[in-house]
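Note that the structure is predicted; figures quoted are calculated from it, not measured. Numbers restart at 1 for each chain; the letters A, B, ... are given by sequence-line order, proteins then strands.
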2 protein chains.
Amino acid sequence: MDRKTELLNCAENVARRRGYDGFSYADLASEVGIRKASIHYHFPSKADLAVALIERYADTFSDALAVIDETSDIASDRLAAYVQGYRRALSGGAKLCLCVAFSISRDSLSEEALAELEAFHSNSIIWLTKTFELANKDGSVTNTGDPLEEATTLLAIVVGAQLVARAANKVGDFDQATKLFLSRLA
Amino acid sequence: MDRKTELLNCAENVARRRGYDGFSYADLASEVGIRKASIHYHFPSKADLAVALIERYADTFSDALAVIDETSDIASDRLAAYVQGYRRALSGGAKLCLCVAFSISRDSLSEEALAELEAFHSNSIIWLTKTFELANKDGSVTNTGDPLEEATTLLAIVVGAQLVARAANKVGDFDQATKLFLSRLA
DNA sequence: TTGAGTATACCTACCAGTAGGTAGATGTCA
DNA sequence: TGACATCTACCTACTGGTAGGTATACTCAA
């Protein structure tokens, strides 16, 4: 694995545990095994690193959504996979979605990073709305309302469930908070 | 107002905007108008400040729930007031609930602070469960399921809605994410 | 084929600024 | 007089970032 990727992996891991203000170049340096100054070669400033981090995360996320779409044509399967993805990202209560972790540190982020963050959220909403529209047609989700309202509600549920579970360091809290929604899936 | 309260107010404000790792004693000092060292007189360490902050926040919160209970006997009114409380706490997209903001910084918090945080969440769940039990009786909420499941889901919704709205700095995102739930209230 | 030039990826040593925290003097008021 | 609240002045450790240097490798014209 090349050094840049290694640094991104390490930074993503720690950022999702501690947030943007919760890690330093020194942390990354000691973990990756190079000197602090050398990180500046790959990412001139921490702001650059933040942008690279969000960009890569958004790409990976959108790939994952594409895989979900390929795996099943049924809306309920797709939504279950979506919720499952957030559950996996929680890493047993230790990590958050990168964009959730970065949302708190809004004031420390560059304009560019904030734009990426908003793009990430709106892409999620677009995919979810599309999927709830499908649910209205295929009937695989019980009791569906307006697709956009369902989409924004589900995004809030998974994000909130992750946060509550992170606060208590218990995956069970995520499961509890998503149970009611999952019970609506065929 | 006494200095200690003034410091707590200031710290709460900035902590809810930037998180625990996002503010320093120097920030508080310049805002309150005393020297950094003087803050240590009131709160010997930042960990002490964090605990005091959460304690006061939890007390205020539980008072607010008591007021809601006094104001109406109808479950749907109480739940609407609960959601409205989180909306107000959002301060137009600029702030989060203190406990949400602190959840991200879990790793920087003392054991005592973490315990307070968990107590806060479980108190919320207790109140919400009780209120959804009432809803099952008074029929003021449509289509209610298991009270505990409803409670954890609603907590996730308001927390998640706050976070998404904070990420975009738009209150509208909170409204959008809570709309579907609010439409179930009589 | 060789050597000059250049790019990569790192290093040591440093910078100014800030973090949380401490010691001890000073002012103020019951 | 003494408790309280604040101050000045300082500490060590760490922050993101920079300057300048080095070993290794690739490229390309003489």
Student check: side-chain heavy atoms of A/F132 and A/L79 closer than 4.5 Å: yes

Sugar-phosphate only, base, or nothing, as touched by A/F43 at under 4.0 Å among non-hydrogen atoms: nothing

Nearest whole Å is fine: how far is [N] [atom2] from [X] [atom1]?
X: B/I39; N: C/dA19; atom1: CD1; atom2: C1'; result: 13 Å
X: B/K46; N: C/dA19; atom1: NZ; atom2: P; result: 9 Å
X: A/E6; N: C/dA9; atom1: CD; atom2: P; result: 13 Å
X: B/Y41; N: D/dA3; atom1: OH; atom2: P; result: 12 Å
X: A/R35; N: D/dG20; atom1: CZ; atom2: P; result: 21 Å
X: A/H40; N: C/dC11; atom1: NE2; atom2: P; result: 13 Å
X: B/L49; N: C/dA19; atom1: CG; atom2: C1'; result: 15 Å
X: A/I34; N: C/dC10; atom1: CD1; atom2: C1'; result: 8 Å

State whether [X] places a side-chain N or O below 4.0 Å from either non-bridging phosphate oxygen (OP1 or OP2) of [N].
X: B/S24; N: C/dT18; value: no
X: B/R3; N: D/dA5; value: no
X: A/Y25; N: D/dG16; value: no
X: A/S38; N: C/dC11; value: yes
X: A/H42; N: C/dC10; value: yes

Ring geometry between A/F61 and A/Y82 (parallel below 30°, tilted from 30 to 60°, perpendicular above 60°): perpendicular

Between B/R56 and B/N9, a side-chain donor and acceptor under 3.5 Å: yes

Polar contact flag, side-chain donor to acceptor under 3.5 angstrom, A/D63-A/T60: no

Given D/dA19, C/dA23, C/dA19, the nucleotide with the shortest approach to the side chain of B/A26: C/dA19

Residues A/D77, A/S140; criterion side-chain contact (heavy atoms from CB on, under 4.5 Å); working and verdict: CA-CA 8 Å; A/D77 287 349; A/S140 64; over 6 Å; no

Residue whose closest nucleotide on DNA chain D lies nearer the 5' end, B/K36 versus B/G33: B/G33

